[in-house]
Amino acid sequence: MSSPETLFRRITDYASRADPYPLYAELREHGVARQEDGSYLVGTYDEIAALLHDPRVSSDPHSRAEPFRDPLALQEGMPVSFIGQDDPEHDRLRRLAMRHFGPPHTPRRVDALQGELVRIAEELADGFGDKERLDLVDDFAFPLPVTVICRLLGVPPGDVQQVHVWADTVVAGLDFTPDEDPEPRRRASLEARAAMGRYLGELAEERRRRPTDDMLSALANDDGPDGRLTQPELMVTSVLLLIAGHETTVNLISNGMLTLMRHPEAFEKLRADPTLMPGAVEELLRYEPPVQFLPQRTPLADIEVGGVTVPKGSPLILVLAAGNRDPRRFTDPDRFDITRQDNQHLGFGSGVHNCFGAPLARMETRVALTTLLARLVGPRLLQDPPEYRRSPVLRGPRHLPVARTPGGR
Amino acid sequence: MPGDAPGGRIVVVGASLAGLRAAEALRDGGFTGELTLVGDEPDPPYDRPPLSKGVLLGRTRADACGLPSRRPLDARWKLGVPATGLDPLAKQVLLADGERLGFDRLLIATGTRARPWPDPGEAALDGMFTLRTSRDAERLAERLDAGPRRVLVIGAGFTGSEIASGCRERGLAVTVVERGRAPLIGALGGTVGAFATELQRAHGVDLRCGVTVTSLTGHDGRLTGAVLSDGERIDADIAVVALGAVRNTEWLAGTGLAAGPRGVACDAGCRVFDMYGIVTDDIFVAGDVARFPHPLYEYQLLALEHWGNAVAQAETAAHNMISRGPDRRPHLTVPAFWSSQFGLNIKSVGVPTFSDQVVIAQGSPGERRLVAVYGYRGRVTAAVTVNRAKWLEYYQHLIETAAPFPPDPGAADFDGSEPVPSDVPDPRVLSHGPTVYVTGHLPLLRPPSRRPGG
């Protein structure tokens, strides 16, 4: 059972969700581990980093060799978002979206949200009232990012709940549990994705008629040097931003609170000195990354990595969370150290597909944790480990029940 | 300062990027002694890259480019006071105000200055500029605000090209005169040079290559234009001289150190050589003024005018200044720099001039996105990206591991291009000086007497 060929099966097994780190350590010992189904698992930092930067590694599901092709991922009629494309198309689409999200063209969009973000976080915390027991996921970590990404894109407040339901269904479809028929969940996921796309497409049409100052208006109306997104491109791009913009951040915040409550000295240190927060967020991204592995890469040529030749067309799975604990890269990697220096983690990936929303995720997590630390007096975990969500990729607690002394600020 | 004692006196001559970062690294490394920084400019350390970009466009104020300090320094600052000499026996730096600064260890980080227009009378005309200092950028931006009829840029290296780009972005008429065959050709070779030519023309630059400015004309002390070597006349009320840099080594004349127009030579650990090639033990050098041997480039002495090199070399020099022999480390950073011009981001790793061939490994000039990979005798020595910077780490790894050239195909956006000669001209035929100086020789440009069988 403990052959390296079964590592992926063991990692994705729900029983491993609370603590996959021993399996990641086992993976690192094998470097690049071929799995029983012909896919390759990589868990060492240098090898992952090299593959993330290698232009011969594709993110396009069409690059998989025949036996590894996933018919559902290759649906006709729906364009693929840039996360599943290679250059030059990936670059064109990402650039068109980035023009309206970050520097150099829109340097202030994320920063401008800060005040609003603080207000939303404070409101959610006010909602705790006098409750002595909280679920930090449902009461805080879940509603915060979805509200923020909807605000950023320009989804009206009345529609946020519907968007939330769609996003959940889409993410459930990304999940895979071996020995279970994924078809029904994946179909529901595709339908939710399409419904979300139609909704955002209609919203974009509205913004074309009456532009506002949100990102969807900018995407719908701008004619930059690379032209304009087509309507289907705009639909899949905004669906991508909405989903990626909140499912991952939920985990970063809830994994963050879980980790801090398991390390009370770090918790108190951060509460006393919030200037340590940016470094603490980086350490969380290393220690408990919200995206544990990238399952969707494929070599376009036979690639040698860590002494193993990965054949062209094979599924290549990059286990970022294992690389983040690689002792050859990080001193004392299993220690949670909010003042860690030289912390170039893989929490946001790296290379051309590195996390598009990283600046927003950092800011949301800083604000969320700062707010919670100030508001939680005498917090205790009521369940450790907590109940986890199904996904081994977007790994995080489904609920995070805590007890506290009410009234803190 | 004996051994690795954390005390003593350290003087850093040069208070720009390299000097500041070295001083910070000295304190970070535990140096508790007296620290003095000497700078010829009156301003505290500032960042130069924005000067030819945001400041020129009027988007950033010149006085808003101060370098952020990484830590408190507890240092004595002598700003606006050039060093005029060095007494290596008495271990003293001589300053223009007459002070003699004693030191146990010295760091030379005096950098470069803009190469002036060779005719002093013409250089004094109102409307003549160079661009190196914050003050230069401030004055030039003011004059561009006033809406000159035409700007003449002399030299099409990186600085000249960025100035031309900024002028076009402001909607000003620009003529660029370059003695070489193409802009940027001196640093990046013929393929990227041809691309840069197209780029400048597409952005409305009146680009004149293969000619020189033979004289500048003036009226009542004001610049009115220029006469070119092909007999053409250009009317211009502003001329920016972008002929490259001069290394600030004059103050070291007569000291017996290996200092001259090409910089101050040092070993791999930033220790300065004397004129006989004997290494000194208490004088170090870092930044644009240093010439250092690099193992990836056959241990030839490199001089780099790169922001990242200044930082990395300053940190290595500082470490070695306060470490005992076996704890010292070499300066091995792969050279890297960036430029932004005409809406594009250009980045480079390695030494593109150290090459005999180049191949477009990703993208194409037509899409204005590309990766050009340079090779020398079958190994990868450099890569240049245009709007494709995130791939550079991969190519840097190929350079560091001396991977075979051309690189393995397989990139999704490789269009099957074949390698072509890299076409790096002899720096002597350029208007602008090179920003990377491989001191020994360029691979294909050996002097005739040293050519095998020649």
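Just so we're on the same page: letters track the sequence lines, and every chain starts at 1.
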- Region of Pro407(B) in contact with chain A, defined by heavy-atom distances below 4.5 Å: neither

- Task: Identify which part of Phe414(B) has an atom lying under 4.5 Å from any heavy atom of chain A, answering side chain, backbone, both or neither.
- Result: neither

- Message: Taking salt bridge (charged side-chain N to carboxylate O under 4.0 Å, His left out) as the definition, give me every residue that meets it alongside Arg286(A), ordered by chain and number, with sequence neighbours left out.
- Response: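 Arg286(A) satisfies salt bridge (charged side-chain N to carboxylate O under 4.0 Å, His left out) with Glu283(A) only.
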
When you compare the side chain of [Y] with that of [X], does any pair of heavy atoms fall below 4.5 Å?
X         : Y         : answer
Arg92(A)  : Glu367(B) : no
Arg95(A)  : Asn387(B) : yes
Arg388(B) : Pro88(A)  : yes

Within a reach of under 6.0 Å around [atom1] of [X], are more than 12 heavy atoms found that belong to other residues, nucleotides or ligands?
X         : atom1 : answer
Asp223(A) : CG    : yes
Arg108(A) : CZ    : no
Arg61(B)  : CZ    : no
Glu400(B) : CD    : yes
Ile83(A)  : CD1   : no

- Any pair with a residue in residues 298-307 of chain A that passes side chain to side chain donor-acceptor pair (under 3.5 Å), sequence neighbours left out, goes on the list, sorted by first then second residue, please.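 Every side chain to side chain donor-acceptor pair (under 3.5 Å) pair that includes a residue of residues 298-307 of chain A, provided the two are not neighbours, is Arg64(A)-Thr298(A).
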
- Query: chain B heavy atoms under 4.5 Å from Asp46(A): which part of the residue, side chain, backbone, both or neither?
  - Reply: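 Neither; nothing under 4.5 Å.
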
- CD of Glu393(B) to CG of Asp54(A): how many Å apart, nearest 0.5 Å?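 Answer for the CD-CG pair, Glu393(B) versus Asp54(A), is 12.0 Å.
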
- Query: Looking at OG of Ser350(A) and NZ of Lys390(B), how far apart are the two atoms once the value is rounded to the nearest 0.5 Å?
  - Reply: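 Ser350(A) atom OG to Lys390(B) atom NZ measures 9.0 Å (nearest 0.5 Å).
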
- Under 3.5 Å, is there a donor-acceptor pair linking the side chains of Asp87(A) and Trp391(B)? yes

- Query: Looking at Lys312(A), His90(A), Arg56(A), which one has more heavy-atom pairs under 4.5 Å with chain B than the rest?
  - Reply: Arg56(A)

